[in-house]
Visitor: 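The structure is given below, and queries will be raised subsequently.
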Amino acid sequence: MDAVRKLLEETNPEALHREKQQKRVGLPELPNSIKGEVTLRFAPNPNGPLSLGHSRGVVINSELAKINGGRVVLRFDDTDTKVKPPEPTAYSQIEEEYEWISGKKADVVIRASDRMPIYLEYAEKMIYEGFGYTCRCTAQNFKKLRDNMEECPCRENDVSLNLELFESMKSGGIPEGGAVIRVKTSLDLPNPALRDWPALRIQHTPHPMVGEKYKVWPLLDFQSAIEDRLQGVTHIVRGKDLMDSTRKQTILYGHFGWNYPETLYWGRVKLLEFGGFSTSGMRMEISEGKYSGWDDPRLPTISAIRKRGFSSQAIREFWLELGLTQKDISIPMQSIEAKNSSTIDSFTERRSFVRSPDEVIIEIPDTIGDYVAEVSIPKHPDGTIPGMREWGAVSEKIFVEKDDIGIVDIRLKGFADVKILDGVAVVISNERTDRRAIAHWLPVEISREAVLEIPQADGIQKVSGVIEDYELVEGMIVQLERVGFARIKKIPNNGPIMMSWLHG
RNA sequence: GCUCGUGUGGUGUAGUUCGGUCCAUCAUGUCGCCCUCUCGAGGCGACGACCCGGGUUCAAAUCCCGGCACGAGCACCA
């Protein structure tokens, strides 16, 4: 060891003074970027509102824009009218959800369906220049040829015929599946997915936003490539399942004589409790009545988790900590919940919620010396929220959880040490006399019936009890002492207060 | 099958570019303790990892070669 040390002193003295390593925080440097001249984009399909999975894109892109002095283009990739047709209400909802997640409006908002003339123009230019052609092969036939690195017969058609066919496609003269516009690539590319890839196809299904105006629609790889160029996108951050998109688009950029943006990737994320994030899948299950709507608490959508009470800061910190690795990962929901706990805890008031409440009679023995019946408990134990919950003077009836009564010697939080026997709690002292367990409880006067709804995979579990009826407001998030975080969902004039479970 | 990508504790993540106190960072988790009054909060502590096999080197998580495992793409979806 000493020999090594000596050697190091001679050859590499700095190595001896290395500091204990620290964890790098925040996103890594954006390659090839100039501060203030960075443009990123977030391009969801508006076939439904945003899911938790989408929020990664919002967070990463908006954060990169923030630290690089750049901007984010929110682009609706709505060029599929058939397989994943757009949902008209999703556009504005996504804009709003983007703002909620990132804390800032998108700098630019565009819809691909509004910009069709531009894409068609570029398609025509591509054909005219000879690096695009109209292919009338069936998908199966083309695949067969492509797999053998063989040209399809349409490839040799001259430009005028290609243009003529393109016109015919646009005017509706060719049925769906009857033709496609392809980008010429080298056919001996090792990756078969890249060979003469399709850029535009025919769709006769009307588009929910622009109707039947267009019969030819660009595919993602073409539309996205053109639009990124037009918007001056400098950096693309996308899932690594889209690596082939990068390669296809790079070929197209080459044809046009453009330089492709820097591209970064993230791996696939699965939430253990939910699996993947399929918008179309959720859309189907909602319409089947399996879920009450996009904001059903069992769904991994932004609207659902937001309604449940997750903070956008927690979502941001969560994704930022995962960073930009290309690993495919599975995350337990618990880790987002832990993040949320730490972000909301300091500004979340405490309340007592007694489950399975049993009535207990308070008895104050004559032998007790100083006794105070008044109870007031801090709204937050650390004082981050000033003020007390003033319960007033405790009369004789209180509620205690069934399980706590069995403990016998217990402390009623914020009030007194008691001994509970046969439904009677004999007060020992207001002050703590020993290290007995502390239980939450409620005087009858300030308690009100309440039901806590806990979403489960197979339905909603309902836990009933009594809630501390002190300054409760519909919509507020509280931490139920010894239970967990919950949202006050509904305070009806009659009947129990409804609460929805957030997490522990 | 072809193509591409990824392998650091239970789960994530830092460190890998340019080999060196790296007996490896941080968070979460699990377990334990504490709490000036929540045993699902908070505080403190413990546990726990470089995919495998070779090679280069005084020195390998880091470089080279070969395996293996996992994931994704191969749609006229995005």
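Per chain, numbering begins at 1; letters A, B, ... match sequence-line order.
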Visitor: From B:G12, B:A78, B:G40, pick the nucleotide closest to the side chain of A:Trp501?
Guide: B:G40
Visitor: Provide, to the nearest angstrom, the distance between the CD atom belonging to A:Gln203 and the C1' atom belonging to B:A78.
Guide: 12 Å
Visitor: Answer yes or no: is there a donor N or O on one side and an acceptor on the other, between the side chain of A:Asp417 and the main chain of A:Thr433, under 3.5 Å?
Guide: yes
Visitor: For the side chain of A:Ala439, counting heavy atoms from C-beta on, which of B:C74, B:C39, B:G12 is nearest?
Guide: B:C39
Visitor: Can you name the side chain to side chain contact (heavy atoms under 4.5 Å, CB included) partners of A:Glu151, sequence neighbours left out?
Guide: A:Arg155, A:Glu156, A:Leu187
Visitor: Please write out each protein N/O paired with an N/O of nucleotides 31-37 of chain B under 3.5 Å, distance rounded to 0.1 Å.
Guide:
residue: B:C35; atom: OP1; partner: A:Arg435; partner atom: NH2; Å: 3.0
residue: B:U36; atom: OP2; partner: A:Arg432; partner atom: NH1; Å: 3.1
residue: B:C37; atom: O2; partner: A:Arg411; partner atom: NE; Å: 2.1
residue: B:C37; atom: O2; partner: A:Arg411; partner atom: NH2; Å: 3.0
residue: B:C37; atom: O2; partner: A:Gly414; partner atom: N; Å: 3.3
residue: B:C37; atom: N3; partner: A:Arg411; partner atom: NH2; Å: 2.9

Visitor: Ring centroid separation for A:Phe415 and A:Trp441, is it under 6.0 angstrom?
Guide: yes
Visitor: Does B:G71 have OP1 or OP2 sitting under 4.0 Å from an N or O in the side chain of A:Arg268?
Guide: no
Visitor: Can a side chain N or O of A:Ser224 be found less than 4.0 Å away from OP1 or OP2 on B:A78?
Guide: no
Visitor: Take the protein atom CG of A:Leu480 and the nucleotide atom P of B:C39, then report the distance between them rounded to whole Å.
Guide: 15 Å
Visitor: For A:Trp294, what residues pass the ring-ring contact (aromatic ring centres under 6.0 Å, His included) criterion, not counting sequence neighbours?
Guide: none
Visitor: Can you name the nearest heavy-atom pair linking A:Glu317 to A:Lys339, along with the distance?
Guide: OE1-CD, 3.4 Å
Visitor: Who passes side chain to side chain contact (heavy atoms under 4.5 Å, CB included) against A:Pro31, sequence neighbours left out?
Guide: A:Glu262, A:Leu264
Visitor: A:Met333 has an atom CE; how far is it from atom P of B:A27, in whole Å?
Guide: 22 Å
Visitor: Starting at CG of A:Asp403 and ending at P of B:U38, how long is that distance when rounded to a whole Å?
Guide: 19 Å
Visitor: By nearest atom, which of the nucleotides B:C74, B:A41, B:U28 is closest to the A:Asp345 side chain?
Guide: B:A41
Visitor: Please check the phosphate of B:U13 (OP1 and OP2 only) for any side-chain N or O of A:Thr325 closer than 4.0 Å.
Guide: yes
Visitor: Mind jotting down which residue pairs meet the salt bridge (Lys or Arg N to Asp or Glu O under 4.0 Å) criterion with at least one end in residues 184-195 of chain A? Sequence neighbours excluded, please.
Guide: none
Visitor: Taking only the side-chain nitrogens and oxygens of A:Arg56, find out if one of them lies under 4.0 Å from OP1 or OP2 of B:G12.
Guide: no
Visitor: Wobble G-U and Watson-Crick pairs count when both distances are under 3.5 Å; given that, what is the 5' to 3' dot-bracket string of RNA chain B, with | for pairing to other strands?
Guide: (((((((..(((.......[.....)))((((((.......))))))...(((((..]....))))))))))))....
Visitor: In this structure, how many angstroms lie between the C1' atom of B:G42 and the CD1 atom of A:Ile344, rounded?
Guide: 14 Å
Visitor: Report the distance from atom OH of A:Tyr265 to atom C1' of B:G73, rounded to the nearest whole Å.
Guide: 12 Å
Visitor: Looking across every strand, which nucleic acid part, if any, lies under 4.0 Å from A:Arg355 by heavy atom: base, sugar-phosphate, or nothing?
Guide: base
Visitor: Going 5' to 3' along nucleotides 3-10 of chain B, which nucleotides have protein heavy atoms under 4.0 Å from the base (write B), which only from the sugar-phosphate (write S), and which from neither (write -)?
Guide: SSSSSB--
Visitor: Going by side chain to side chain contact (heavy atoms under 4.5 Å, CB included), name the residues that satisfy it together with A:His204, two or more places apart in sequence or in a different chain.
Guide: A:Glu176, A:Ile202, A:Lys215
Visitor: Let's see if you can work this out: which of B:G40, B:A78, B:A75 has an atom nearest to the side-chain heavy atoms of A:Leu242?
Guide: B:A78
Visitor: Between B:C74, B:C39, B:C77, which one does the side chain of A:Val83 approach most closely?
Guide: B:C77
Visitor: Sort me out a list of protein N/O and nucleotides 43-51 of chain B N/O pairs below 3.5 Å, or just none if empty.
Guide:
none

Visitor: For A:Asp241 and B:C77, give me the distance from atom CG to atom C1', rounded to whole Å.
Guide: 12 Å
Visitor: Under the salt bridge (Lys or Arg N to Asp or Glu O under 4.0 Å) definition, can you give me all pairs with a residue in residues 40-60 of chain A, not counting sequence neighbours?
Guide: A:Arg41-A:Asp228
Visitor: Check side chain to side chain contact (heavy atoms under 4.5 Å, CB included) between A:Ser168 and all other residues, then give those that pass, not counting sequence neighbours.
Guide: A:Ile174
Visitor: Remember a base hit wins even if backbone is also touched, and classify A:Lys143 as base, sugar-phosphate or nothing at under 4.0 Å, heavy atoms.
Guide: sugar-phosphate
Visitor: A:Arg436 has an atom CZ; how far is it from atom P of B:U38, in whole Å?
Guide: 15 Å
Visitor: Partners of A:Tyr122 by ring-ring contact (aromatic ring centres under 6.0 Å, His included), sequence neighbours excluded?
Guide: A:Phe256, A:Trp258
Visitor: Between A:His380 and A:Asp345, is any pair of side-chain heavy atoms under 4.5 Å apart?
Guide: yes
Visitor: OP1 or OP2 of B:G15 sitting under 4.0 Å from any side-chain N/O of A:Arg24?
Guide: yes
